[in-house]
2 protein chains.
Amino acid sequence: MATGRSTQHNPNPAGGTRRSRGRGIPDATVARLPLYLRALTALSERSVPTVSSEELAAAAGVNSAKLRKDFSYLGSYGTRGVGYDVEYLVYQISRELGLTQDWPVVIVGIGNLGHALANYGGFASRGFRVAALLDADPAITGNVVAGLPVRHTDEMEEIVRDERVSIGVITTPPGAAQQVCDRLVAAGVTSILNFAPTVLNVPDGVDVRKVDLSIELQILAFHEQRKAGDDLADEDGEVPSAPAAAVVSGRGPEQGHGYEEAAG
Amino acid sequence: MATGRSTQHNPNPAGGTRRSRGRGIPDATVARLPLYLRALTALSERSVPTVSSEELAAAAGVNSAKLRKDFSYLGSYGTRGVGYDVEYLVYQISRELGLTQDWPVVIVGIGNLGHALANYGGFASRGFRVAALLDADPAITGNVVAGLPVRHTDEMEEIVRDERVSIGVITTPPGAAQQVCDRLVAAGVTSILNFAPTVLNVPDGVDVRKVDLSIELQILAFHEQRKAGDDLADEDGEVPSAPAAAVVSGRGPEQGHGYEEAAG
DNA sequence: TAGATTGTTAATCGATTAACAATC
DNA sequence: TAGATTGTTAATCGATTAACAATC
């Protein structure tokens, strides 16, 4: 949501309905489990033994009805009149998310962003292990980043195979992303986190999630514009639906304020 | 969001129903407009004059029914039997997203990630202008990053005011994020893009979107685990709902494979 | 006119929410 | 028992999708 940020293909790789297998968990719920887990981990570090749905929801930034509904998909892990046992819930959510096992990941493209991710602390603490850093540029390979040597992308297939890597992170320039993706998938990777601003095409059974700074900013700009518009009279004053022919020659005011009033 | 990335508070700051004002556009549609815009820009660069909903949808990674429905919220910008004029649609979507005006942003926290964002090309090309880079560390202030001097956070309020900054990007450590957020908001910022793994509390009227690497990876791990489980018999073999009392003492196997079979 | 493709309708599906019975 | 809080139900809402009439 990206979401926001969102799976490009195969949000539900098992196919069929959204909750096909056994106690299937809705996508929206899965996306919130990490939020709950983070809040619970903070409580755990403060040695808080139990927490109510109301308190935990506040800490996670959701409402309590949603939280209880989400937890109901996992099972009945609370105690009526008491709340949830923090440690127990940390474990159950971790298990559900697959974080009780070790996930080797490779990061491909060690520019500024790859560098930042390699140094990101949240990796190791949550069951993810950086198996290798890869780059195609000989000027970069051999450098040590975050304690790891940057290896050449020539070694990609070997590393993915030997280290049983199933998750790849792509931080290359957009032009290289699809090719890197293809090679990762061919080598056995089945989940891709894509930071390159490109749509990746992948075969069935491969999950792609993307993180796109530019998209997030554009969504903010949209709402920001709305706010600014609300300050004026009423922005929806029937902008004439200009006939296409009249605009084909130029694309209209680029950075200017042709049709609309300034929003600042 | 995203999630996916997702607005924490006020996904619809105008309040009321999801589509309150005039020709209000659903959140899901707004989140896809940047995708269409990117695909259209690529077509524009190749001097493609028109495109059908089918072609454009394929390029953007969505289905064509959804695309046409999305565009219908913007107006009737297509021509039956022909398709959409690329340049005209680029302009209309840009205008709808507020990209025909200039958005000054500040980036607070110039570590690895802030550094990466400052160098990110997608910024400038889409109406966003980095008005300032800020950091609290005197060892970092004064450095030139992406052609801009890193200024001290002491100057935050002055810069936000003078440059009319309404969008702030937070790339600080999690412990500093809320305080930075509070100061940005107090200074006049009304949209925040948060890369720190913290829930930010903001007053009504302020939008927060967050980008969280760790959450994206955890969602991938969940699906990855499912895939692995599908290879075995049937993973849903009634894991006994362990009584809370039995687990309170320890949190169960941490990185181990206590309850579950290995998924690799 | 015939072919192509949009814009819209209506059905379906998933997500959210409030309310409350169950029960600790 | 009385108070507190979960887990679930049912209503509502938003998003997706296929189909097709409108129309270029």
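Convention: sequence-line order gives letters A, B, ...; per-chain numbering from 1. Being a predicted model, the structure only gives us computed values, none of them experimental.
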Sequence neighbours excluded, the answer for side-chain contact (heavy atoms from CB on, under 4.5 Å) partners of Pro197(A) is Pro174(A), Asp212(A), Arg38(B), Tyr120(B)
**OP:** Would you indicate what Tyr84(A) reaches in the nucleic acid, counting non-hydrogen atoms under 4.0 angstrom: base, sugar-phosphate, or nothing?
**Re:** sugar-phosphate
Sub-3.5 Å donor-acceptor pair from the side chain of Gln218(B) to the main-chain atoms of Leu35(A), do we have one? no
Under 6.0 Å between ring centres: does that hold for Tyr88(A) and Tyr77(A)? yes
Here the distance between atom C1' of dA15(D) and atom CZ of Arg32(B), to the nearest Å, is 8 Å
When rounded to the nearest 0.5 Å, the distance separating OG1 of Thr29(A) from NZ of Lys66(A) is 9.5 Å
Protein-proximity profile, nucleotides 17-24 of chain D, B/S/- by nucleotide at the 4.0 Å heavy-atom cutoff, equals BBB--BBB
To the nearest angstrom, the CG-C1' distance between Asp27(A) and dT16(D) comes to 14 Å
With Ile93(A) as partner, the option from Asp70(A), Leu37(A), Thr41(A), Leu99(A) fulfilling side chain to side chain contact (heavy atoms under 4.5 Å, CB included) is Leu37(A)
Taking pairs as Watson-Crick (N1-N3 plus N6-O4 or O6-N4) or G-U wobble (N1-O2 and O6-N3), each distance under 3.5 Å, the stems of three or more consecutive pairs with DNA chain D are C:3-24 with D:3-24
note: Leu56(B), atom CG; dT5(C), atom C1'; distance rounded to Å ~ 14 Å
Taking dT6(C), dA15(C), dT8(D) as options, the one with an atom nearest any side-chain atom of Pro26(A) is dA15(C)
note: Tyr73(A), atom OH; dT6(D), atom P; distance rounded to Å ~ 17 Å
### Task
Could you tell me whether a side-chain N or O of Glu54(B) sits under 3.5 Å from a main-chain N or O of Ser64(B), the two making a donor and an acceptor?
no
Phe71(A) atom CZ is separated from dT6(D) atom P, nearest whole Å, by 10 Å
Q: With the side chain counted from C-beta on, respond yes when Leu56(A) and Phe71(A) share a heavy-atom pair under 4.5 Å apart, and no when they do not.
A: yes
Atom CG of Asp85(B) and atom P of dT6(C) are separated, to the nearest Å, by 13 Å
Whole-Å distance, Ile25(B) CD1 to dA15(D) P, equals 12 Å
Next on the checklist: Side chains of Val48(B) and Glu55(B), heavy atoms from C-beta outward: is any pair under 4.5 Å?
Outcome noted: no
Using modelled atom types and a 3.5 Å cut-off, is there a donor and acceptor pairing between side-chain atoms of Ser44(A) and backbone atoms of Leu40(A)?
no
